[in-house]
Protein chains: 2
Amino acid sequence: MVSGTDEGVTRWRRVADAIRREIGGAASGDQLPPEMELAARHGVNRHTVRRAVQALAAEGLVRAERGRGTFVAAPPPRLVYPIGPRTRFSENVSANGRTPGGRLIRAERIAADHAASRLLDCAPGAPLHRLETLHVANGVPLSVSTSLFPAERFPGIVQHYAETGSVTEALRMEGLADYRRRETRVTAERIHPLDAEHLASAPDAIVLVSAAVDVDDRDRPVQALRTRFHAERTELVLQPSSA
Amino acid sequence: MVSGTDEGVTRWRRVADAIRREIGGAASGDQLPPEMELAARHGVNRHTVRRAVQALAAEGLVRAERGRGTFVAAPPPRLVYPIGPRTRFSENVSANGRTPGGRLIRAERIAADHAASRLLDCAPGAPLHRLETLHVANGVPLSVSTSLFPAERFPGIVQHYAETGSVTEALRMEGLADYRRRETRVTAERIHPLDAEHLASAPDAIVLVSAAVDVDDRDRPVQALRTRFHAERTELVLQPSSA
DNA sequence: ACGAATTTGTGCGTATGTATT
DNA sequence: TAATACATACGCACAAATTCG
């Protein structure tokens, strides 16, 4: 850290850095001084302190509670979610000792656009089922998925999912004994307001976005899905080779 | 003042929702009205509009440029980064048609704490090299890594990395012909201010955090690393089975 | 049971800094 | 140089939630 000239660095950022250093050696649960005191101590306005504290809260280092104070936050444990050739939500959640659940948010029939037809290896304009599903572990919302299924091959997939709350079960009822993951692409972004509602999350939360294609035993795509995992609640694990 | 029962919803959030609806059907690059006009249109103070626009900017929907205006944002293309048993930064970047580069930010000798000793399968307190490295593609910073190496086994790793800018090369100079990825854990969080500086990024950017362990041909850990990828610039690809 | 004090949250007005045109 | 527009900061006031006498 370059000491001396803080030129080009705003005050609230300097205050945030100062507070971050102070709480570096603090235990989780410890209370910060009131904003007025922090402002006086650093010689700035209370708004400036608030902006600094907001930045720290956004990093997850502190948590402010109205009427009580601001506290050093404890990072919650994440659910460990293995991703591999056989990725199954229910099995992954159960392996963490939690109870899985699923709920259909919305379903509709659409026509395949260019991207979808390429992913699912079908003709553009082919009929698809588009399912919006919510997945929970021990009642805590974990992820929201948008799934695309070929409608002609799986005509009853929507009803089967609504009944069972499981993609694996629904596909089995459609006569597909097994499927496997072909490829998974992962990135991260800020949560969408609609997803924030479903995931019962802060509007500024972060999601891990997993775009994947599942195929049958003859390598034909059966599902293209885009899952948004709540980043604070999830840790994806990639085990490269079980072979 | 908006009539109706919006009880419990703050004003800036209502304005943000209104603007979000307005730009829903706008093309990327379109300019938003000035803040003063938005304020007048929604009957609120300019500060309230600013807070709303900040929320939209945090979602990535708009991009505010000082002195010019606020624009509907376009998402930039991401570098595709495969992760598997043989994850090599240089090869991954080259495969995208870009030129890889690396730079040593900082190196120090530390003693293994509990977590490090478990990851590297060594005694607590064992000497380690801790390297902070920056990785770029076509001059654009992509990721920052913190790597831990057993100091006794690889005494010259720091100098070798500084010379070559490549972990693979540095380990080869230490007599290790090959290594492979044992496991990779991925999550996402807000960027750390120091990393934001190194990655030449906005202070509120998102990083994909990849925690991994590399092992030699006898399954002994050679490196534990924690890489923070700039999420807007990276897409991790997991190909489950090359076998 | 109730109100005062404390503390964070929200909003307005204003002044100033700084980058772009 | 001047005008415009976003960025930062300050001061004040009040609301909302909590704590405590």
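Model, not experiment: these values are computed from the prediction. We name chains A, B, ... by the order of the sequence lines, and we start the count at 1 in each one.
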Under 3.5 Å, is there a donor on one side chain and an acceptor on the other for A:Arg78 and B:Thr187? yes
Take nucleotides 5-11 of chain D nucleotide by nucleotide from the 5' end and write B, S or -, depending on whether a protein heavy atom sits under 4.0 Å from the base, only from the sugar-phosphate, or from neither. BBBBBBB
I'd like to know whether A:Arg228 forms a salt bridge (charged side-chain N to carboxylate O under 4.0 Å, His left out) with A:Glu132, so could you lay out the CA-CA distance, the side-chain angles of the two residues, the decisive distance to 0.1 Å, and finally the verdict. CA-CA 11 Å; A:Arg228 287 84 76 197; A:Glu132 201 84 12; 2.9 Å; yes
Below 4.0 angstrom, N of the basic side chain to O of the carboxylate: do A:Asp17 and A:Arg20 qualify? yes
Run the salt-bridge test on A:Arg226 and A:Glu189 with the 4.0 Å N-O cut-off and return the result as yes or no. yes
Might you work through the side-chain contact (heavy atoms from CB on, under 4.5 Å) test for B:Val167 and B:Gln223, ending with a clear yes or no? CA-CA 10 Å; B:Val167 169; B:Gln223 179 190 198; 3.8 Å; yes
